[in-house]
Participant: 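What follows is a structure written as structure tokens; I'll ask about it next.
To find a chain, count down the sequence lines: A is the first, B the second, and so on, and within it residues start at 1.
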Amino acid sequence: MTFEEVFFYFLAAGAIVSALLVITRKNPINSVIFLVLNFFFLAALYLTLKAQFIAIIQILVYAGAIMVLFMFVIMLLNLGDEKQLTDRVTWKQIVAIGLSLAFVMQVLYIVGFGETAEMETMSAKAVDIGTVEYIGKELFSQYVLPIEAISVLIVAAVVGAIVLAKRKFE
Amino acid sequence: MIPLNFYLALSALLFTIGVVGVLTRRNAIIVFMSIELMLNSVNLTLVAFSAFLGDATGQMLVFFVITIAAAEAAIGLAIIIALFRNKQTVNIDEINLLKW
């Protein structure tokens, strides 16, 4: 086993275990912490795919900004481990887990026997397209319209969030 | 070199964990976090394809997905705060105003 494989298996196992811990913890604060850990593992996986820009953005935006927002809301609402939120296993949950297992088996079957099974090596261009320079050039030439559209969407989201969280409409 | 399949399989597993979280948990905030997990697993697929096909489009899409996720988290958490103010709970079984 090469060092690269060891590294990949370590990161993959870390990502899966932290994701499982996110959905099983009783206290939402613990879930947030494990979700941040999961984001760091994913950022490292992006680095193994030579996507430096996406890896940094992942840590800055997701682990930095979005998770702080989650943490802030949980602490604001003062949610402890509430009894009725984490109750016993119901038949609905068993059905949900069964269906999810069937789903993942199907996807793994497609992944294992589909066309992607032949792709063994990374493209030589992968090193170039992950850099900030390349992505910046693409974003402000070919993707200029989506960038502008998304900035409008962000403004709408900010206004919407303030309106929703405001105490009263006057 | 790690084949593309390994990344796709990992991403499928992470996505399914997110789906299980959405379907089984009753706390609205943890449901939200599971949605973030699902978004992230799709991002991993996009970056993997981008690297293996040598095409930057996948990484552009990831950039936009992250932006949308930030907007969605802001709006979603604002909705949760508004709901909590009205019903004093984040249990999604008790928030059934639109259920007939």
Participant: Looking at B:Val22, B:Asn43, B:Val31, which makes the most heavy-atom pairs under 4.5 Å with chain A?
Facilitator: B:Asn43
Participant: So for A:Ser100, is it side chain, backbone, both, or neither that comes closer than 4.5 Å to the heavy atoms of chain B?
Facilitator: both
Participant: Minimum heavy-atom separation for B:Ala71 and A:Ile154, please, with both atom names.
Facilitator: CB-CD1, 4.4 Å
Participant: Sort A:Phe103 into side chain, backbone, both or neither according to what part of it lies under 4.5 angstrom from a heavy atom of chain B.
Facilitator: side chain
Participant: What part of B:Ser34 lies closer than 4.5 angstrom to a heavy atom of chain A: side chain, backbone, both or neither?
Facilitator: side chain
Participant: Contact part of A:Thr24 toward chain B, heavy-atom cut-off under 4.5 Å: side chain, backbone, both or neither?
Facilitator: backbone
Participant: Select one option (side chain, backbone, both, neither) describing which atoms of A:Leu42 are under 4.5 Å from chain B's heavy atoms.
Facilitator: side chain
Participant: Which bit of A:Leu49 comes within less than 4.5 Å of chain B, counting heavy atoms only: side chain, backbone, both or neither?
Facilitator: both
Participant: Contact part of A:Val104 toward chain B, heavy-atom cut-off under 4.5 Å: side chain, backbone, both or neither?
Facilitator: both
Participant: What part of A:Val95 lies closer than 4.5 angstrom to a heavy atom of chain B: side chain, backbone, both or neither?
Facilitator: neither
Participant: Looking only at heavy atoms, what is the nearest atom pair of B:Gly54 and A:Lys125, with distance?
Facilitator: O-NZ, 3.2 Å
Participant: Which residues in residues 10-17 of chain A have any heavy atom lying under 4.5 Å from a heavy atom of chain B?
Facilitator: A:Ala12, A:Ala15, A:Ile16
Participant: List, by chain and then residue number, the residues other than B:Leu98 in its hydrophobic cluster (Ile/Leu/Val/Met/Phe/Trp/Tyr, side-chain heavy atoms under 4.5 Å); write none if there are no others.
Facilitator: none
Participant: Side chain, backbone, both or neither: which part of A:Phe72 has an atom under 4.5 Å from a heavy atom of chain B?
Facilitator: neither
Participant: Can you tell which part of A:Leu76 gets under 4.5 Å to a heavy atom of chain B, answering side chain, backbone, both or neither?
Facilitator: side chain
Participant: Look up atom CG in A:Leu108 and atom CG in B:Leu13, then write down how far apart they are to the nearest 0.5 Å.
Facilitator: 5.5 Å
Participant: Is A:Leu35 in contact with chain B via its backbone, its side chain, both, or neither, using a 4.5 Å heavy-atom distance?
Facilitator: side chain
Participant: Which bit of A:Tyr109 is near chain B, if near means a heavy-atom gap under 4.5 Å: side chain, backbone, both or neither?
Facilitator: neither
Participant: What is the ring orientation for B:Tyr7 with A:Phe8, classed by angle as parallel under 30°, tilted 30 to 60°, or perpendicular over 60°?
Facilitator: perpendicular
